[in-house]
Amino acid sequence: MSKLIFINLPVKDLERSKAFYEAVGAGNNPAFSDDTAACMVFSDTIHAMLLTHEKWRQFTSKPIVDAHANAQVLLCLSADSRDEVSRLVAKASGAGGKADPTPVQDYGFMYGRSFEDPDGHIWEVMWMDPSAIPPPA
């Protein structure tokens with residue numbers, strides 16, 4: 001079985017955040033969602049758990065940082081093409097997110113952009129030409 005990743009994100013407005021992530025292509029898994037949390041599925045192995053601040057506090061006593069002012073993580077999704085990178089950033093921007101809060105990366109064989117969700121969490125979207133990856137030493 002493949003390893004799964006569940007990214008837990010504190011959100012101020014669960015319904016707004018669900019709508020945002022649906023707009024960028026994630027589907028909601030109702031089996032793991034309720035009025036305090038939503039499981040947003042990007043792929044068979046990648047899930048984002050959107051947690052209300054009250055729900056988040058059940059897991060840790062550490063303060064919730066304001067992701068608009070502070071960065072704790074940069075999340076990154078792969079894309080199948082340069083065009084897909086730009087389409088995803090455009091979808092995020094059109095759904096209330098912010099396009100390119102970090103510098104655009106264009107190295108020819110690798111291209112990346114980013115978006116910020118309504119709560120300030122930064123997602124990078126990266127495409128890389130697999131034939132340009134050097135073989136292991």
Side-chain angles (χ1 to χ4, degrees):
M1 180 175 155
S2 296
K3 295 279 186 195
L4 305 178
I5 185 166
F6 290 86
I7 301 163
N8 295 285
L9 298 173
V11 300
K12 289 182 180 178
D13 183 332
L14 185 59
E15 291 305 315
R16 178 187 68 179
S17 294
K18 281 173 50 177
F20 175 83
Y21 282 96
E22 286 172 343
V24 297
N28 179 256
N29 181 342
F32 298 102
S33 301
D34 59 23
D35 60 345
T36 66
C39 179
M40 305 306 294
V41 181
F42 284 94
S43 73
D44 291 341
T45 58
I46 303 170
H47 306 78
M49 293 298 300
L50 308 178
L51 307 173
T52 63
H53 285 203
E54 296 77 23
K55 183 72 162 185
W56 179 271
R57 288 183 186 104
Q58 293 177 13
F59 296 97
T60 180
S61 61
K62 289 185 177 184
I64 297 170
V65 300
D66 176 358
H68 291 289
N70 302 287
Q72 188 172 26
V73 296
L74 294 174
L75 307 161
C76 187
L77 292 172
S78 63
D80 291 331
S81 68
R82 293 172 66 95
D83 288 340
E84 185 183 356
V85 169
S86 293
R87 279 193 304 271
L88 188 54
V89 172
K91 285 181 181 179
S93 179
K98 178 181 175 186
D100 300 311
T102 61
V104 174
Q105 301 173 48
D106 191 348
Y107 302 104
F109 70 95
M110 185 170 68
Y111 177 68
R113 293 182 61 193
S114 60
F115 64 85
E116 189 175 285
D117 76 6
D119 288 281
H121 304 112
I122 297 173
W123 290 81
E124 296 177 319
V125 187
M126 186 69 62
W127 166 82
M128 185 182 314
D129 178 357
S131 66
I133 300 170

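Treat the numbers as computed from the prediction; the structure is a model and nothing was measured.
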**OP:** Compute whether any side-chain donor of one residue and acceptor of the other, for D34 and T36, lie under 3.5 angstrom apart.
**Re:** yes
Subject >> Worked verdict on E15 versus K18 for salt bridge (Lys or Arg N to Asp or Glu O under 4.0 Å) >> reply: CA-CA 5 Å; E15 291 305 315; K18 281 173 50 177; 3.6 Å; yes
Subject >> For the student: nearest non-hydrogen atoms of A79 and W127, plus distance >> reply: O-CD1, 3.6 Å
Subject >> From D106 atom CG to Y111 atom OH, the distance as rounded to the nearest 0.5 Å >> reply: 6.5 Å
Subject >> Hphob cluster co-occupancy, Y21 + I5, side-chain heavy atoms under 4.5 angstrom >> reply: yes
**OP:** Test side chain to side chain contact (heavy atoms under 4.5 Å, CB included) on I64 and R57 and set out the steps.
**Re:** CA-CA 8 Å; I64 297 170; R57 288 183 186 104; 4.1 Å; yes
Original post:
Where do C39 and S33 come nearest, in terms of heavy atoms and distance?
Top reply: N-OG, 3.0 Å
Original post:
Do you know which two heavy atoms are closest between G96 and P118, and how far apart they sit?
Top reply: O-CG, 4.4 Å
Original post:
Got F115 and F20 here, is their nearest side-chain heavy-atom distance under 4.5 Å?
Top reply: yes
**OP:** First locate atom NZ of K3, then atom CD1 of I46, and finally report the distance between them rounded to the nearest 0.5 Å.
**Re:** 15.5 Å
Original post:
Considering residues, nucleotides and ligands other than D80, do more than 12 of their heavy atoms fall under 6.0 Å from its CG?
Top reply: no
Subject >> Distance-only donor-acceptor check, side chains S17 and D119, under 3.5 Å >> reply: yes
Subject >> Side-chain touch L50/L14, heavy atoms, less than 4.5 angstrom >> reply: yes
Subject >> Chi angles and distances behind the side chain to side chain contact (heavy atoms under 4.5 Å, CB included) call for L9, M49 >> reply: CA-CA 6 Å; L9 298 173; M49 293 298 300; over 6 Å; no
Original post:
From S78 OG over to M126 CE, what is the distance, rounded to the nearest 0.5 angstrom?
Top reply: 10.5 Å
Subject >> Closest heavy-atom pair and its distance - F59, K55 >> reply: CD1-O, 3.3 Å
Original post:
In terms of the angle between their ring planes, are H47 and F6 parallel, tilted or perpendicular, with boundaries placed at 30° and 60°?
Top reply: parallel
Original post:
Is the number of heavy atoms from other residues, nucleotides or ligands under 6.0 Å of D66 CG greater than 12?
Top reply: yes
Original post:
When rounded to the nearest 0.5 angstrom, what distance separates SG in C76 from CH2 in W123?
Top reply: 9.5 Å
Subject >> Nearest heavy-atom neighbours spanning K62 and T60 >> reply: N-OG1, 3.1 Å
**OP:** With rounding to the nearest 0.5 Å, note down the distance linking CZ in R113 to OG1 in T102.
**Re:** 10.0 Å
Original post:
If you measure from CE on M40 to CD on E22, what distance do you get to the nearest 0.5 Å?
Top reply: 4.5 Å
**OP:** Consider only side-chain heavy atoms of I, L, V, M, F, W and Y, link residues closer than 4.5 Å, and tell whether M128 and Y107 are in one cluster.
**Re:** yes
Original post:
Below 4.5 Å, heavy atoms only, C-beta onward: do R87 and S81 meet side chain to side chain?
Top reply: yes
Subject >> Shortest non-hydrogen contact between A37 and L51, atoms and distance >> reply: CB-CD2, 3.6 Å
Original post:
Does one hydrophobic cluster hold both V125 and V104, with members joined at side-chain heavy-atom distances below 4.5 Å?
Top reply: yes
**OP:** Verify side chain to side chain contact (heavy atoms under 4.5 Å, CB included) between L77 and F42, making sure each step is shown before the conclusion.
**Re:** CA-CA 9 Å; L77 292 172; F42 284 94; 3.7 Å; yes
